[in-house]
There are 2 protein chains.
Amino acid sequence: MVSHDGAGVDPQQLWLGTARTGRGRKPAFSRAAITAAAVALADAEGLDAVTMRRVAAEVGAGVMSLYSYAPDKETLLELMVDHVSGELPADEPLTGDWRADLKAIGHLQRALMLRHPWLPAALTTRRTLGPHALAFLERALAALRPTRLDGAAKLEVFSQLTGFVAGHVGYEIAQSAAAEAPGRAAAEARYLAAVAADGHHPELAAALAAPGRPLTPEATFTRFLDRLIDGLDTG
Amino acid sequence: MVSHDGAGVDPQQLWLGTARTGRGRKPAFSRAAITAAAVALADAEGLDAVTMRRVAAEVGAGVMSLYSYAPDKETLLELMVDHVSGELPADEPLTGDWRADLKAIGHLQRALMLRHPWLPAALTTRRTLGPHALAFLERALAALRPTRLDGAAKLEVFSQLTGFVAGHVGYEIAQSAAAEAPGRAAAEARYLAAVAADGHHPELAAALAAPGRPLTPEATFTRFLDRLIDGLDTG
DNA sequence: AATATTTCCGTACACTGTACGAGAATAGTC
DNA sequence: GACTATTCTCGTACAGTGTACGGAAATATT
């Protein structure tokens, strides 16, 4: 096993790492390089493109060599999540206005997920507590310091915030993906119009008839995030 | 092709259906039965257990026979989503208090997702507008009637609400799944304690030291949902 | 009876994650 | 320098995936 070890019964041993003994062949690759290649692949071609063979090819390794750096694919996905979490600034100063700070955190998370559109889907199934995620959590907890929420409540708030952002951006991405294929979008519009015209969906018909000005996803996100955070009890 | 047709360039043709000509061999199965079998499988063993072979076996068909009822697996998944959406009551009377009605809708969605734990994950990638989903959307729009939001804004609210619930329940499920494997949970607790003890995570250490009383997921959900909805502009 | 149409499904193929184990490279010991 | 223990590399192999293809069976129309 390579220096930053991982396998074993204990799932969190992944992040602790074990020292190399010195003995044995030197590793030709690195966990970071492999993870970065996997992330690049997911960014460019989606999560489905991340296959062990593709990642290995990208990094110049044999397929089975990857298993010296991560015990299985699931672990590689967790590494990917924590890897991109490293893009979140974890040490910028806080304003002291915890609501503003929390909103900024939400916007940072959204930006990250837009940069890595596979992230919302990856987060729905996984809970990752790697070093980068923890550093960011630490920052969020610091932001919540002025609130007098107890420990569990603070952790809840962070969890919920992340869940909310993932849910929102997931939808946002699905929406924009549909919009990028103009044929699809038109077909959907036609379908909705047909449904609205069937007489059984008067509210939908009304909603489609009175569209209002189009909303930018950014504005919508901000509005919902603000409502969510402004409504939080200070404990 | 079987009566409720689906294939084609137009994705929404799925839901429209085409009449059988009468000519040709009679279908031995039905789209509904196949979908129900797939849903039962996902409920019992998770989304990964839903393979074309397993579904076919469950329903007593040859594998390739499924392709007469759904052009591909992605379509089967969309059918599954709309199938369970049919469990949402779409015609119960509304109270007229749109905030209360909207909260009730959120709770219904959460209950549905808890009954079908694969649903949040399935919704992250997919946007489904089958008849059942549309019926429920119609109801949500009716609930929003007293607000004077324009059509686009109403649709946004529903989208966001669904995204929020999916995000929350996704986390809720991950949490409870971790709690069900006691070894895992203990290992994670030990890991977090170790991280908290490293001196670089003082806020985390403090949060773990002052746990407060445990929060039920139900109560947390209600609190966040209330905040979200109470904060909505009436337009 | 012939024909057109539709469904049923066995076979086959490319692709997936990964178990196994043989070989290569390194460090420590004599 | 030879030997040994250890560690990493990766070719091969296998079970499992979605689904393309095409022949056989069943039905309604002619």
Side-chain angles (χ1 to χ4, degrees), chain A residues 1-8 17-35 37-38 41-42 45-80 122 125-126, chain B residues 1-8 17-35 37-38 41-42 45-80 122 125-126:
Chain A
M1 271 294 162
V2 116
S3 66
H4 356 260
D5 192 357
T18 58
R20 262 186 61 83
T21 63
R23 196 99 129 203
R25 185 172 180 167
K26 280 184 190 161
F29 314 101
S30 78
R31 176 172 280 187
I34 290 169
T35 307
L41 210 44
E45 305 181 34
L47 211 47
D48 287 349
V50 180
T51 70
M52 298 307 265
R53 279 164 239 261
R54 283 290 314 264
V55 173
E58 217 72 40
V59 93
V63 192
M64 293 312 291
S65 298
L66 299 187
Y67 288 87
S68 297
Y69 299 87
D72 52 26
K73 193 189 176 182
E74 167 61 25
T75 303
L76 179 56
L77 288 169
E78 288 179 28
L79 290 171
M80 290 171 65
T125 333
R126 250 163 298 277
Chain B
M1 271 292 163
V2 117
S3 66
H4 355 261
D5 192 356
T18 59
R20 264 186 62 82
T21 62
R23 194 100 129 204
R25 186 172 178 167
K26 279 184 190 163
F29 314 100
S30 79
R31 173 172 281 185
I34 290 168
T35 307
L41 211 44
E45 306 182 35
L47 211 48
D48 287 349
V50 179
T51 70
M52 298 306 266
R53 280 166 240 259
R54 285 287 314 264
V55 174
E58 218 71 40
V59 92
V63 191
M64 293 313 290
S65 297
L66 299 187
Y67 288 86
S68 296
Y69 298 87
D72 53 26
K73 192 189 177 182
E74 167 60 26
T75 303
L76 178 56
L77 287 168
E78 288 180 29
L79 290 171
M80 289 171 66
T125 335
R126 251 164 296 280

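Just so you know, these numbers use all the heavy atoms, side chains as well, and skip hydrogens, waters and symmetry mates. A note on names: the letters A, B, ... follow the listed sequences, proteins ahead of strands, and every chain is numbered from 1.
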What are the two closest non-hydrogen atoms of [X] and [Y], and how far apart are they?
X	Y	answer
B:Ala38	B:Val50	O-CG2, 3.7 Å
B:Ala70	B:Leu76	CB-N, 4.3 Å
B:Ala33	B:Val59	O-CG2, 4.1 Å
B:Ala49	B:Leu41	O-CD2, 3.6 Å
A:Ala37	A:Glu58	CB-CB, 4.4 Å
B:Tyr69	B:Arg31	O-NH2, 2.7 Å

Report summary line: Heavy-atom contacts, protein to nucleotides 21-30 of chain C, under 4.0 Å, summarised as B (base), S (sugar-phosphate only) or - (none) per nt, yield --BBBBBS--
**Report entry** Neighbours of DNA chain D within residues 45-58 of chain B, by heavy-atom distance under 4.0 Å
**Finding:** B:Val50, B:Thr51, B:Met52, B:Arg53
Requested in this report: Sequence neighbours left out, what passes side-chain contact (heavy atoms from CB on, under 4.5 Å) with B:Thr21? Give chain and number order.
Outcome: B:Arg23
Query raised in the report: Which nucleotide in the set D:dT9, D:dT19, C:dT18 lies at the smallest distance from any side-chain heavy atom of B:Val63?
Result: D:dT19
Query raised in the report: Separation of A:Lys73 atom NZ from C:dT18 atom P, in whole Å?
Result: 8 Å
Query raised in the report: Does A:Tyr69 make a side-chain N or O approach to OP1 or OP2 of D:dT9 shorter than 4.0 Å?
Result: yes
Query raised in the report: Would you say the side chain of A:Phe29 lies within less than 4.5 Å of the side chain of A:Ser68, judging by non-hydrogen atoms?
Result: no
Report summary line: Assert: residue with more 5' nearest nucleotide on DNA chain C, out of B:Leu66 and A:Asp72, is B:Leu66
Query raised in the report: For DNA chain D, whose closest nucleotide is more 5', that of A:Gly60 or that of B:Glu74?
Result: A:Gly60
